[in-house]
Colleague: 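Structure provided below as structure tokens; questions to follow.
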Amino acid sequence: MLMGVSMNIDLKLTENPKSKPGDDSKLGFGSIFTDHMFMMEYDDDIGWHNARIEELHDIQISPAANIFHYGQEVFEGMKAYKSNGEVFLFRPDMNAKRANNSLERLCMPKIKEEDFVKAVKKFVEVEKDWVPKSKGTTLYIRPFVIGIDAQLGVHPSAKYYFIIIASPSGAYYANGMSPVSIWVEDEYVRAIRGGVGFTKTGGNYAASLLGQEKAEEHGCEQTLWLDGVERKYIEEVGSMNIFFKIDGNVVTPMLNGSILPGVTRDSIIKLCKDFGYEVEERKISLDELMQAAESGKLEECFGTGTACVVSPVGKLVNNDKAITINDCKIGQLSQKLYDTLTGIQYNMLEDKFGWRVKVC
Ligand SMILES: *Cc1c(COP(=O)(O)O)cnc(C)c1O
């Protein structure tokens with residue numbers, strides 16, 4: 001692609017659209033896909049090229065492709081929201097920036113921010129009839145980049161695909177919001193400073209699966225990861241950042257290189273400040289939390305992420321110790337943050353931060 005020239009997207013739309021799911025309450029997550037995919041290719045010689053939206057299809061790549069052996073992969077997760085027939089995205093520029101931070105760390109070619117956003121917008125516009133409209137439902141959007149060079153030498157791939165697929169998704173809280181139990185993992189770690197914890201790359205998830213199984217064996221829904229060096233400080237949950245309300249203030253682990261910088265995290269911090277709270281981004285030890293819980297100062301705990309928006313935490317379990325938070329009920333701040341953020345996303349509340357982007 002030539003510098004300064006806006007990316008052109010070829011549309012090769014299907015003649016055989018699939019029938020759309022009829023019952024929004026049965027959508028679930030991530031198993032139904034829309035009619036099309038966005039795709040473009042990268043070559044060291046020509047850069048990103050051949051952007052198109054075409055019928056969703058399997059891709060053929062060599063068994064020697066980099067992605068299968070050395071894991072050059074970056075992904076993003078975002079949603080499109082339908083409200084009164086209009087379709088919106090939420091802060092897509094943040095996903096574009098984060099994708100580039102991930103790509104840079106993994107020695108993969110960056111994508112111009114405006115091209116990333118343009119690709120997502122055009123793709124969602126093509127698939128607008130796939131965005132479900134019942135309360136809480138969304139079109140989940142999955143952009144990703146993979147190294148496809150057929151070369152077993154350990155070095156960055158010379159060829160890549162950038163692909164976007166999308167999946168209509170049911171409401172995260174189909175049965176109402178309810179606080180989850182979280183397992184505090186102090187054996188395995190997810191990421192370490194200097195590694196790739198701040199990137200959205202598949203390897204971080206592969207590294208997290210065993211801890212997640214352990215959490216489930218202990219009757220918990222999710223894993224809370226501690227820092228990779230001392231296993232003493234709180235980092236984040238499987239696919240959510242974590243917040244605490246301690247003695248009236250909002251506290252969340254500071255971004256330290258091993259924590260994923262969530263778009264929801266950033267939005268929640270801005271909303272809390274707007275509500276008049278002090279927000280402390282700092283190190284929080286598990287000991288400090290236990291003490292705050294014992295002295296009755298740990299008032300709320302919630303995870304944040306694109307999937308759940310806000311997920312109240314009712315219980316933290318660490319081996320034979322467990323702390324219950326807010327009597328296992330949804331906290332006032334958690335509820336207010338959920339209502340405000342979803343209100344902005346679904347065009348029901350004023351968007352004073354300019355986060356909503358209308359697609360069509
Ligand atoms: C995606 C992700 C999050 C949440 O990020 P959002 O941009 O808010 O969706 C948090 N932690 C991890 C490990 C993630 O992969």
Side-chain angles (χ1 to χ4, degrees), residues 29-30 71 73-81 89-103 105-106 113 116-117 120 138-145 166-167 169 172 180 182-183 185 188-193 195-212 215 221-228 233-244 252-272 281 301-311 313 334 337-338 340-342 344-345 353 355-357:
F29 176 75
E73 191 262 1
V74 159
F75 71 96
E76 273 301 323
M78 46 208 298
K79 285 170 164 181
Y81 310 83
L89 295 169
F90 182 74
R91 307 186 76 184
D93 56 309
M94 294 284 282
N95 297 92
K97 286 194 186 85
R98 186 170 64 193
N100 277 332
N101 291 337
S102 301
L103 289 167
R105 176 64 181 83
L106 290 160
E113 200 180 307
F116 182 102
V117 174
V120 172
T138 54
L139 182 69
Y140 183 79
I141 307 157
R142 171 55 59 88
F144 63 101
V145 184
S167 171
S169 298
Y172 190 87
V180 292
I182 288 194
W183 171 255
E185 176 56 44
Y188 304 120
V189 298
R190 187 194 85 100
I192 46 157
R193 243 159 296 156
V196 294
F198 69 91
T199 70
K200 245 176 146 63
T201 186
N204 285 332
Y205 276 74
S208 76
L209 295 175
L210 198 52
Q212 179 62 24
E221 280 99 336
Q222 301 250 11
T223 315
L224 177 67
W225 300 103
L226 300 177
D227 76 277
Y233 297 99
I234 309 290
E235 296 243 304
E236 63 174 312
V237 185
S239 56
M240 305 190 288
N241 296 109
I242 189 112
F243 284 77
F244 304 94
T252 190
M254 65 190 194
L255 298 178
N256 60 359
S258 53
I259 294 176
L260 199 286
V263 177
T264 321
R265 176 188 181 277
D266 184 80
S267 311
I268 291 285
I269 290 173
K270 292 191 164 81
L271 285 179
C272 285
E281 293 180 69
C301 172
F302 53 90
T304 67
T306 297
C308 64
V309 186
V310 170
S311 174
V313 177
S334 311
L337 286 166
Y338 178 82
T340 308
L341 207 48
T342 52
I344 294 171
Q345 288 165 338
F353 297 98
W355 287 339
R356 214 162 38 220
V357 172

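Remember, it's 1-based here, ligands and their atoms both numbered in the order they're listed. The figures that follow rest on heavy atoms only: side chains count, while hydrogens, waters and symmetry mates do not.
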Colleague: Taking only residues two or more places apart in sequence, or in another chain, which ones meet Trp183 in a ring-ring contact (aromatic ring centres under 6.0 Å, His included)?
Modeller: His218
Colleague: Taking any residue with a non-hydrogen atom under 4.0 angstrom from an atom of ligand 1, which ones do you get?
Modeller: Arg98, Arg190, Lys200, Tyr205, Glu236, Gly238, Ser239, Met240, Asn241, Leu260, Gly262, Val263, Thr264, Gly305, Thr306
Colleague: Do any N or O atoms from the side chain of Asn241 and from the backbone of Leu260 form a donor-acceptor pair under 3.5 angstrom?
Modeller: yes
Colleague: Can you name the side chain to side chain contact (heavy atoms under 4.5 Å, CB included) partners of Leu210, sequence neighbours left out?
Modeller: Tyr188, Glu213
Colleague: So, using salt bridge (Lys or Arg N to Asp or Glu O under 4.0 Å) as the criterion, who are the partners of Glu221 when residues are at least two apart?
Modeller: none
Colleague: Check this for me: does any side-chain nitrogen of one of Arg190 and Glu236 sit under 4.0 Å from a carboxylate oxygen of the other?
Modeller: yes
Colleague: Relative to the ring of Tyr140, is the ring of Phe29 parallel (under 30°), tilted (30 to 60°) or perpendicular (over 60°)?
Modeller: perpendicular
